[in-house]
Amino acid sequence: AVLGRLPGTNVYRNIKQYPDAERYDGIVMVRIDAPLYFANMQNVRDKVRKYRFQAESDLHANYSFEASLHYLILELSSVSHVDTSALHILQDMYETYKSRG
């Protein structure tokens with residue numbers, strides 16, 4: 001789920017359930033609500049990519065094509081388990097996004 005800040009608070013919630021939640025330009029916050037293991041990591045990677053593309057499209061539509069996403073934040077507080085396969089994929093995702101700047 002993509003997160004936004006509830007106005008006047010430090011609480012972040014799913015923007016689909018709270019359409020008034022505030023988002024920040026150049027930042028996308030993604031909450032993962034499931035254990036991370038080999039069987040679901042491709043789905044997690046695809047969702048994160050989808051949310052990143054959507055945030056970049058929103059930036060380009062609202063500002064200019066030169067506007068870019070600066071931060072991708074994964075909120076993992078509800079993740080109860082991470083296996084070694086998932087760790088490797090998270091590391092790969094980190095290196096991929098870091099190399100993009």
Side-chain angles (χ1 to χ4, degrees):
V2 175
L3 301 179
R5 185 176 64 86
L6 297 181
T9 72
N10 290 326
V11 177
Y12 290 83
R13 296 288 186 252
N14 184 336
I15 62 170
K16 286 185 180 179
Q17 295 173 340
Y18 295 86
D20 293 335
E22 301 168 344
R23 294 188 293 168
Y24 301 99
D25 295 330
I27 300 173
V28 64
M29 292 177 278
V30 178
R31 183 181 65 217
I32 308 298
D33 293 321
L36 300 177
Y37 59 102
F38 71 96
N40 72 345
M41 278 309 293
Q42 186 60 46
N43 183 49
V44 169
R45 186 190 304 223
D46 291 345
K47 288 285 188 180
V48 169
R49 184 180 299 127
K50 173 185 150 188
Y51 296 146
R52 181 180 61 86
F53 283 141
Q54 184 60 50
E56 288 176 340
S57 294
D58 292 347
L59 275 173
H60 296 162
N62 294 332
Y63 296 99
S64 70
F65 193 72
E66 290 79 31
S68 64
L69 189 66
H70 296 288
Y71 297 100
L72 172 65
I73 300 169
L74 296 181
E75 200 282 305
L76 303 173
S77 65
S78 62
V79 173
S80 61
H81 176 76
V82 180
D83 75 3
T84 56
S85 297
L87 284 175
H88 289 287
I89 292 171
L90 287 171
Q91 178 68 31
D92 180 57
M93 289 170 63
Y94 169 76
E95 290 171 3
T96 299
Y97 290 128
K98 185 177 178 183
S99 69
R100 292 181 182 171

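This chain uses plain numbering: 1 for the first residue, then up along the sequence.
No donor-acceptor pair closer than 3.5 Å links the side chain of R23 to the backbone N or O of I27. With hydrogens and angles ignored, the 3.5 Å screen pairs a side-chain donor or acceptor of N40 with a backbone N or O of P35. At distances below 3.5 Å, not a single donor-acceptor pair connects side-chain atoms of E22 with backbone N or O atoms of Y24. Between the side chain of D20 and the backbone N or O of P7, no donor-acceptor pair lies under 3.5 Å.
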- Show your working on side chain to side chain contact (heavy atoms under 4.5 Å, CB included) between K47 and N43 and close with a plain yes or no. CA-CA 6 Å; K47 288 285 188 180; N43 183 49; 4.1 Å; yes
- Message: R49 vs Y97, test: side chain to side chain contact (heavy atoms under 4.5 Å, CB included). Steps then yes/no.
- Response: CA-CA 10 Å; R49 184 180 299 127; Y97 290 128; 4.2 Å; yes
- Message: Walk me through whether Q42 and R45 qualify under side chain to side chain contact (heavy atoms under 4.5 Å, CB included).
- Response: CA-CA 5 Å; Q42 186 60 46; R45 186 190 304 223; 4.2 Å; yes
- Query: Could you walk me through whether V44 and I89 pass the side chain to side chain contact (heavy atoms under 4.5 Å, CB included) check?
  - Reply: CA-CA 10 Å; V44 169; I89 292 171; over 6 Å; no
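Between G4 and I15, the shortest heavy-atom contact is N-CG2, 3.5 Å. In this structure, V28 and A55 approach most closely via the heavy-atom pair CB-CB, 4.0 Å. Heavy atoms only, all atoms of each residue included: K16 and P19 are closest at O-CD, 4.2 Å. The minimum heavy-atom distance between L90 and L36, with the atom names listed, is CD1-CD1, 3.9 Å. Closest non-hydrogen pair, A86 versus D83, comes out as N-OD1, 2.8 Å.
Shown here is Y94, whose OH atom has no more than 12 heavy atoms of other residues, nucleotides or ligands within 6.0 Å.
Atom OG1 of residue T9 and atom CZ of residue R5 lie 6.0 Å apart, to the nearest 0.5 angstrom. Distance check, rounded to the nearest 0.5 Å: CZ of R100 to CZ of R52 gives 4.0 Å. Atom-to-atom distance recorded for M29:CE and L72:CG is 11.0 Å, nearest 0.5 angstrom. Between atom CD of residue Q54 and atom CG of residue L69 there is a gap of 11.5 Å, rounded to the nearest 0.5 Å.
In the hydrophobic cluster analysis, where Ile, Leu, Val, Met, Phe, Trp and Tyr join through side-chain heavy atoms closer than 4.5 angstrom, L76 is grouped together with M93. A continuous path of ILVMFWY side-chain contacts below 4.5 Å connects V48 to L87, so both sit in one hydrophobic cluster. Cluster annotation: Y51 and I73 are assigned to distinct hydrophobic clusters (Ile/Leu/Val/Met/Phe/Trp/Tyr, side-chain heavy-atom contacts under 4.5 Å, transitive). Two different hydrophobic clusters hold Y71 and V2 under the rule that ILVMFWY side chains link at heavy-atom gaps under 4.5 Å. Cluster membership check: L74 does not share its hydrophobic cluster with L3, using side-chain heavy-atom separations under 4.5 Å among Ile, Leu, Val, Met, Phe, Trp and Tyr.
Within the 4.5 Å cutoff, the side chain of E75 has no heavy atoms near those of the Y12 side chain.
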